[in-house]
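Just follow the structure's listing: the first ligand is 1, and inside any ligand the first atom is 1.
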Amino acid sequence: MRAIRSVLGEDQAAFLVRQRVARLATSDGTGRPHAVPVCYACARASVYIALDEKPKDVPVTRLKRVRNILENPDVALIADRYTEEWNLLAFVMVHGRAELLDPGTEEHTAAVRLLRGKYHQYEAMRIEENPVIAIRPERAASWGALDEPESPVPRVLDTIHGRRSVRRYLQKRVPEDLVERVLEAARWAPSPHGRQPWRFAVITREETKERLARAMGEEWRANLEMDGQSAEIVEKRIQGSRRRLFDAPVLLLICLYLEDLDAYPDAERQRGETTMAVQSVGAAAQNALLVAYDLGLDAGWMCAPLFCPERVVEALGLDPGLVPHALLTLGYADGDPPKRRSRRSLDELVVHRD
Ligand SMILES: Cc1cc2nc3c(=O)[nH]c(=O)nc-3n(C[C@H](O)[C@H](O)[C@H](O)COP(=O)(O)O)c2cc1C
């Protein structure tokens with residue numbers, strides 16, 4: 001079996017790996033062509049394609065592409081990029097021989113893992129029960145701007161530049177499906193060992209906000225008084241914080257959850273483990289903030305729960321294993337925020353050590 005890299009150039013391989021859909025062309029014994037769109041994953045020596053039809057509904061051996069491969073294993077796979085900016089058009093075509101991998105074999109298991117790694121939708125599908133198509137590449141051809149970034153100004157960078165902290169909201173309801181998509185973004189954050197050391201509480205009702213505001217307010221009042229702040233200032237800040245909770249249509253409380261993490265005999269490594277989990281809370285929060293902004297919502301970040309986690313757990317009746325960390329407010333901004341923080345230049349933030 002030749003490694004894909006000995007058949008494809010680096011730019012071709014990189015392009016093929018990054019695309020999400022390709023077309024698989026097969027032909028029957030008489031040479032009649034057949035093409036279907038496919039999801040695929042690339043390994044060192046093969047391209048894999050799942051047969052995701054339910055095994056009982058459609059016996060996979062009746063699928064035209066499968067019958068064709070059994071009659072004639074010569075196939076072609078083409079992955080392409082189309083955009084209205086024609087200087088960005090590109091494709092990679094791989095010619096090779098296809099075979100069917102039977103369930104239970106080592107390569108089949110590895111292929112299913114790869115496919116599920118690339119497409120999370122396969123996690124909920126029993127693709128391990130069907131054969132997997134393996135293409136062993138023999139030749140490759142390509143055309144166009146393989147090396148160009150997918151978009152010259154990445155959309156996500158626009159979102160990153162556009163997002164801002166919002167602290168006043170319109171009294172406009174946030175549809176539940178938008179909240180769900182924000183949570184979905186948080187769920188896909190990177191995490192140590194993939195353990196997802198966070199849980200989310202969604203709060204929308206006034207009574208719940210009241211319990212939360214009271215719990216956090218008491219702690220904050222005590223802290224501000226300890227700092228020697230005047231009674232007037234204390235009252236003003238507490239009322240400001242309360243207003244933010246009631247003003248936002250949706251509150252998203254992000255809690256640290258350490259129970260699934262590795263346990264070490266020494267305190268130092270354990271601290272490292274906890275730090276990673278906290279870093280991952282930040283990643284989940286950022287995912288949520290960016291997707292909220294992309295959905296036309298705005299959001300803000302309140303750190304108050306971090307300073308009284310037990311009170312918050314008690315006020316909301318949460319699992320005692322949760323440690324509230326960040327409270328995100330979600331809604332539609334009531335006007336643009338009055339000030340936008342600038343950022344330090346990259347020159348101040350980055351050193352190059354080539
Ligand atoms: C860990 C963390 C805690 C924060 N806590 C608060 C907070 O308690 N109250 C607040 O108004 N903003 C809070 N923020 C938001 C920052 O003030 C804000 O992100 C920063 O000023 C930059 O402004 P921008 O988000 O509009 O770009 C917090 C941000 C982070 C990352």
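Considering only non-hydrogen atoms, atom 15 (C) of ligand 1 lies nearest to Ser165 out of Ala299, Ser241, Ser165, Gly282.
Looking from atom 8 (O) of ligand 1 to the surrounding protein, the closest heavy atom is Cys303 N, 2.9 Å. Shortest contact from atom 16 (C) of ligand 1 to any protein heavy atom: Arg167 NH2, 4.0 Å. Summary of contacts: the protein heavy atom closest to atom 27 (O) of ligand 1 is Arg343 NH2, 2.8 Å. Counting only heavy atoms of the protein, atom 23 (O) of ligand 1 lies nearest to Arg341 CG, 3.7 Å. Atom 4 (C) of ligand 1 has as its closest protein heavy atom Trp301 CD1, 3.5 Å.
Residue contacts with ligand 1: Arg164 is placed with no nitrogen or oxygen under 3.5 Å of a nitrogen or oxygen of the ligand (distance criterion only).
In this structure, Asp28 does not pair ionically with Arg67, as no charged nitrogen and carboxylate oxygen lie closer than 4.0 Å.
At most 12 non-hydrogen atoms from other residues, nucleotides or ligands lie less than 6.0 angstrom from CD of Glu10. Annotation for Glu225: atom CD counts as buried by contact number, over 12 foreign heavy atoms lying within 6.0 Å. Within a 6.0 Å sphere centred on CD of Glu180, heavy atoms belonging to other residues, nucleotides or ligands number 12 at most. Atom CD of Glu232 has 12 or fewer neighbouring heavy atoms from other residues, nucleotides or ligands inside a 6.0 Å radius. Enclosure of atom CZ in Arg269 by more than 12 non-hydrogen atoms of other residues, nucleotides or ligands within 6.0 angstrom is indicated.
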Please set out all donor-acceptor pairs under 3.5 angstrom arising from side-chain atoms of residues 34-44, sequence neighbours excluded.
residue : atom : partner : partner atom : Å
Tyr40   : OH   : Leu16   : O            : 2.5
Tyr40   : OH   : Gln19   : O            : 3.3

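Proximity to Arg163 (heavy-atom distance under 4.0 Å) selects the following atoms of ligand 1: 24 (P), 25 (O), 27 (O). Within ligand 1, counting atoms from 1 as listed, the ones closer than 4.0 Å to a heavy atom of Met302 are 7 (C), 8 (O).
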Going through the distances and angles, do His108 and Asp102 end up as a side chain to side chain contact (heavy atoms under 4.5 Å, CB included)? CA-CA 6 Å; His108 182 278; Asp102 286 328; 6.0 Å; no
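Under 4.0 Å from ligand 1, not a single heavy atom of Gln286 appears. Contact annotation: for Arg244 versus ligand 1, heavy atoms closer than 4.0 Å belong to the side chain alone.
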